[in-house]
Number of protein chains: 2
Amino acid sequence: MSEPAPTATARRTRRHDPHRRDRLIDAALQVIAHRGVAGTTHREIARAADVPLGSMTYHFAGLDEILTEAFTRHADGIARVFDERLTAARTRDEAVEAVITLVTDDLLSPGHDLVLTVELYVAAARNPRLKAVTQAWMQRSRDALERHFDPTTAREVDALIEGLTLHSALSTDPMTPAQIRHAIERYLR
Amino acid sequence: MSEPAPTATARRTRRHDPHRRDRLIDAALQVIAHRGVAGTTHREIARAADVPLGSMTYHFAGLDEILTEAFTRHADGIARVFDERLTAARTRDEAVEAVITLVTDDLLSPGHDLVLTVELYVAAARNPRLKAVTQAWMQRSRDALERHFDPTTAREVDALIEGLTLHSALSTDPMTPAQIRHAIERYLR
DNA sequence: AATCACTATGTACGAACGTACGCATGATGT
DNA sequence: ACATCATGCGTACGTTCGTACATAGTGATT
């Protein structure tokens with residue numbers, strides 16, 4: 001996402017590091033995914049990015065600022081994929097396929113940390129700035145869906161996507177791609 | 001849920017307090033709802049229940065134990081309502097109505113703190129005991145739904161319920177009961 | 001009434017935290 | 001070449017936390 005970090009040994013001697021702020025935001029997302037928002041501290045992020053603690057207060061006004069920027073990056077990334085897939089679809093059938101692909105390939109891919117999304121929801125419940133991030137993201141998803149479906153359907157299928165993703169992620173017995181396809185097609189065809 | 005607590009002044013003089021453990025678990029749920037799991041500390045719970053700090057270590061082996069018991073109580077409470085509504089339904093149509101009532105009246109009622117459920121999901125991602133609580137709850141919901149619907153439908157509608165509740169709770173423009181009814185009926189009828 | 005097991009309480013300690021701040025350093029513009 | 005200033009760095013302070021523990025009060029049993 002950003003430029004590679006200087007190696008640990010290099011950092012001990014060299015100091016120049018443009019994009020450090022960017023790397024810190026990415027590091028914050030890693031820490032959130034691994035330890036949760038509760039376990040995300042200045043020190044953990046600094047360790048993950050291999051920068052000294054003092055760097056945190058220089059680049060960010062406080063922990064809130066880091067969290068906001070990190071979650072904004074996360075939401076924007078997912079929303080962009082959402083947009084792209086649905087914009088590429090030309091017909092309603094293609095749009096249905098796009099939704100299925102979104103859930104099975106993008107949202108539930110092993111590399112994608114779904115837990116980040118749930119962490120965002122929880123944090124948003126008590127942080128107005130994060131609530132705004134969440135709502136902007138939801139609005140963007142719905143707008144993308146409305147390229148192909150009427151507003152009511154868009155809203156409903158948006159909720160369905162949410163439920164399918166969440167339940168699949170939380171279950172020891174996750175839904176198969178075929179089951180997800182079945183659920184979405186049942187709703188949209 | 002439990003017996004009323006002795007008043008603050010009474011506590012200062014008297015000490016006998018059976019059901020204190022129960023009250024502490026309820027207090028923990030209140031604190032989780034207000035401050036989140038991250039802001040839930042021994043001291044906050046003790047303050048909410050108006051007991052001294054030392055009482056926490058006596059009644060619970062650690063913070064994990066309190067959280068587990070609190071979330072177990074939360075999940076059991078919702079699952080019980082779920083069971084009851086679906087057991088009371090005699091026909092498929094009544095079952096559909098029961099599901100609608102569950103979402104609009106029970107899960108989304110102003111008194112019910114939906115944020116507790118999301119907090120549980122996040123905590124469960126990193127706590128095996130809480131993961132077990134979540135999965136037992138999901139299984140119980142699905143079993144209840146299977147009294148009236150085939151397993152595939154049960155699973156899908158369970159996910160739909162999740163998405164509808166979550167989106168309604170997070171949105172500034174929450175879905176109306178009519179919209180929720182529309183979404184569920186579209187799926188089940 | 002005496003005893004005892006259980007429950008309740010206040011306090012203390014070490015660890016981890018957010019944040020502030022003074023100093024060092026390297027890039028930049030002249 | 002040199003001055004300037006944004007950036008990088010180490011450290012320290014005050015706060016809050018989980019937890020332990022010694023002591024004290026209480027209800028039950030005899």
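The sequence lines fix the lettering, A, B, ..., with proteins before strands; numbering per chain opens at 1.
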Nearest of D:dT26, C:dC17, C:dC21 to any side-chain atom of A:Thr57? C:dC21

Under 3.5 Å, is there a donor-acceptor pair linking the side chains of A:His148 and A:Thr153? no

Testing C:dA8, D:dG18, C:dG18 for proximity to the side chain of A:His42, the answer is C:dG18

Identify whether any heavy atom of B:Ser55 sits under 4.0 Å from a base atom; if not, whether one sits that close to sugar-phosphate; answer base, sugar-phosphate or nothing. base

Checking A:Arg90, A:Arg92, A:Arg181 against A:Glu97 for salt bridge (charged side-chain N to carboxylate O under 4.0 Å, His left out), the one that qualifies is A:Arg181

Any idea which of D:dT7, C:dA12, D:dT11 is nearest the B:Arg43 side chain? C:dA12

Give a yes/no answer on whether the side chain of A:Tyr58 brings an N or O atom under 4.0 Å of OP1 or OP2 in D:dG8. no

Has the side chain of A:Arg20 got a donor or acceptor atom sitting under 3.5 Å from an opposite partner on the base of D:dG8? no

I need the CG-P distance between B:Leu24 and C:dT7, as an integer number of Å. 13 Å

How many Å lie between CZ on A:Arg47 and C1' on C:dA16, as a whole number? 10 Å

Using whole Å, what does the distance between atom P of nucleotide C:dT7 and atom CZ of B:Arg23 come to? 15 Å

Figure out the CG/P separation between B:Asp50 and C:dG10, and round it to whole Å. 11 Å

Taking the inter-plane angle between the rings of B:His74 and B:Trp137 on a 0 to 90° scale, is it parallel (under 30°), tilted (30 to 60°) or perpendicular (over 60°)? perpendicular

How far apart are the C-alpha atoms of A:Gln139 and A:Asp143, what are their side-chain angles, what is the distance that settles it, and do they pass the side-chain hydrogen bond (donor to acceptor under 3.5 Å, both in side chains) test? CA-CA 6 Å; A:Gln139 189 58 54; A:Asp143 289 348; 3.0 Å; yes

If you check every side-chain atom of A:His16, which of C:dT9, C:dA27, C:dA8 has the closest atom? C:dA27

Which nucleotide in the list D:dC9, D:dA12, D:dT7 gets nearest to the side chain of A:Pro52? D:dC9

Nearest-Å distance, CE (A:Met56) to P (D:dT11)? 19 Å

From CG of A:Asp17 over to C1' of D:dC9, roughly how many Å is that when rounded to an integer? 13 Å

Return the value, rounded to whole Å, for the distance between atom CG of B:Asp64 and atom P of D:dG18. 11 Å

Would you mind reading off the distance between B:Glu44 atom CD and D:dG18 atom P, rounded to a whole angstrom? 10 Å

Side chains of B:Phe71 and B:Ile32, heavy atoms from C-beta outward: is any pair under 4.5 Å? yes

